[in-house]
*Asks:* 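First, the structure itself, so that you have it in front of you.
As the structure lists them, so they are numbered: ligands from 1, and atoms in each ligand from 1. For this chain, numbers begin at 1 and follow the sequence in order.
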Amino acid sequence: MDKLNRKAIIAGNWKMNKTASEAAVLIDELIPAVKDAGCEVVICTPYTSLVTAVEKTKGTNIHVGAENVHFEDHGAFTGEISASMLTDLGVEYVVIGHSERRQYFAETDQTVNKRTLAALNGGLKVILCVGESLTQREEGVTEELVRMQVKIALQGVTAEQMANLVIAYEPVWAIGTGRTATADQAEEVCAQIRKVVGELYGEAVAKATTVQYGGSMNAKNAEELLSKPDVDGGLIGGASLKAPDFAAIVAAATNG
Ligand code: 13P
């Protein structure tokens with residue numbers, strides 16, 4: 001059972017939600033709700049809530065992540081945040097290549113690769129997002145596209161660094177739409193992702209790499225999605241903003 005040997009990770013991606021004061025309230029609710037988790041629990045918050053999140057989660061089982069990172073370490077990049085700024089705060093994870101960044105902020109496979117390298121070299125754990133649009137799925141290019149996204153993002157990443165990298169399969173058409181991929185659709189692409197990792201780094205790394213599904217995952221559908229052999233966790237948007245819903249997904253990962 002390869003799946004049992006991998007780290008199941010449930011990560012919340014808060015996106016552009018919650019002020020720091022509101023984050024404090026949500027974290028206070030989350031701490032008791034997920035304290036018995038049998039999986040790794042991560043909350044990825046806006047930059048402005050990171051200090052609060054790190055402080056509040058000290059001594060708990062909740063890990064904190066950012067939602068993006070710049071690829072340079074410092075310098076004249078107005079408005080950007082570097083890996084060393086995040087690790088200095090005690091931030092452990094970072095989401096890279098989310099489809100909203102690709103869609104609205106001109107993120108490309110090449111900049112995703114640069115951010116991934118900067119984050120890993122800077123000591124962060126990376127949640128790397130890939131996934132196809134509805135048009136691309138209808139055109140039948142999901143597999144080729146996701147393979148390409150993974151291969152470009154991982155250029156220059158070593159086999160050892162793969163221990164600090166999680167891949168999240170997030171079909172764009174399922175994000176925030178309430179239209180979840182079926183468990184079989186999620187499994188098919190997550191298995192493909194693992195296959196590409198195997199081609200690049202060998203069987204052992206492929207078997208050890210956590211692959212998450214994201215896109216309208218909620219308290220109701222989490223168990224079925226997480227029961228699939230290649231779905232090792234979830235990247236949760238909307239449902240991560242409500243403590244009982246997020247806790248239910250964490251419990252589903254614990255049971256699955
Ligand atoms: P929703 O769970 O709101 O569909 O968002 C998924 C997502 O984009 C997580 O990164």
*Asks:* Do Arg102 and Asp109 sit within salt-bridge range, that is, some charged N less than 4.0 Å from a carboxylate O?
*Replies:* yes
*Asks:* Please produce the table of protein N or O atoms sitting under 3.5 Å from N or O atoms belonging to ligand 1, one pair a line, distance to 0.1 Å.
*Replies:*
{"from": "ligand 1", "atom 1": "2 (O)", "to": "Ser216", "atom 2": "N", "distance (Å)": "3.4"}
{"from": "ligand 1", "atom 1": "2 (O)", "to": "Gly237", "atom 2": "N", "distance (Å)": "2.9"}
{"from": "ligand 1", "atom 1": "3 (O)", "to": "Gly238", "atom 2": "N", "distance (Å)": "2.8"}
{"from": "ligand 1", "atom 1": "4 (O)", "to": "Gly176", "atom 2": "N", "distance (Å)": "2.6"}
{"from": "ligand 1", "atom 1": "4 (O)", "to": "Ser216", "atom 2": "N", "distance (Å)": "2.7"}
{"from": "ligand 1", "atom 1": "5 (O)", "to": "Lys15", "atom 2": "NZ", "distance (Å)": "3.2"}
{"from": "ligand 1", "atom 1": "8 (O)", "to": "Lys15", "atom 2": "NZ", "distance (Å)": "2.8"}
{"from": "ligand 1", "atom 1": "8 (O)", "to": "His98", "atom 2": "NE2", "distance (Å)": "2.7"}
{"from": "ligand 1", "atom 1": "8 (O)", "to": "Glu170", "atom 2": "OE1", "distance (Å)": "3.4"}
{"from": "ligand 1", "atom 1": "10 (O)", "to": "Asn13", "atom 2": "ND2", "distance (Å)": "3.0"}
{"from": "ligand 1", "atom 1": "10 (O)", "to": "His98", "atom 2": "NE2", "distance (Å)": "2.9"}
{"from": "ligand 1", "atom 1": "10 (O)", "to": "Glu170", "atom 2": "OE1", "distance (Å)": "3.1"}
{"from": "ligand 1", "atom 1": "10 (O)", "to": "Glu170", "atom 2": "OE2", "distance (Å)": "2.9"}

*Asks:* Checking side-chain polar atoms at under 3.5 Å, does Tyr169 have a donor or acceptor matched by the opposite partner on Glu132?
*Replies:* yes
*Asks:* With side chain to side chain donor-acceptor pair (under 3.5 Å) as the test, would you mind laying out the steps for Glu160 and Tyr201 before giving the verdict?
*Replies:* CA-CA 10 Å; Glu160 292 69 38; Tyr201 298 100; over 6 Å; no
*Asks:* Counting only pairs under 3.5 Å, give me each side-chain donor-acceptor contact of residues 61-69, with atom names and distances, residues two or more places apart or in other chains.
*Replies:*
{"from": "Asn61", "atom 1": "ND2", "to": "Val34", "atom 2": "O", "distance (Å)": "2.8"}
{"from": "His63", "atom 1": "ND1", "to": "Glu92", "atom 2": "OE1", "distance (Å)": "2.8"}
{"from": "His63", "atom 1": "ND1", "to": "Glu92", "atom 2": "OE2", "distance (Å)": "3.1"}
{"from": "Glu67", "atom 1": "OE2", "to": "Lys15", "atom 2": "N", "distance (Å)": "3.1"}

*Asks:* Salt bridge check: are Lys3 and Asp230 linked by an N-O gap of less than 4.0 Å?
*Replies:* no
*Asks:* Are the charged groups of Lys56 and Asp28 less than 4.0 angstrom apart, N to O?
*Replies:* yes
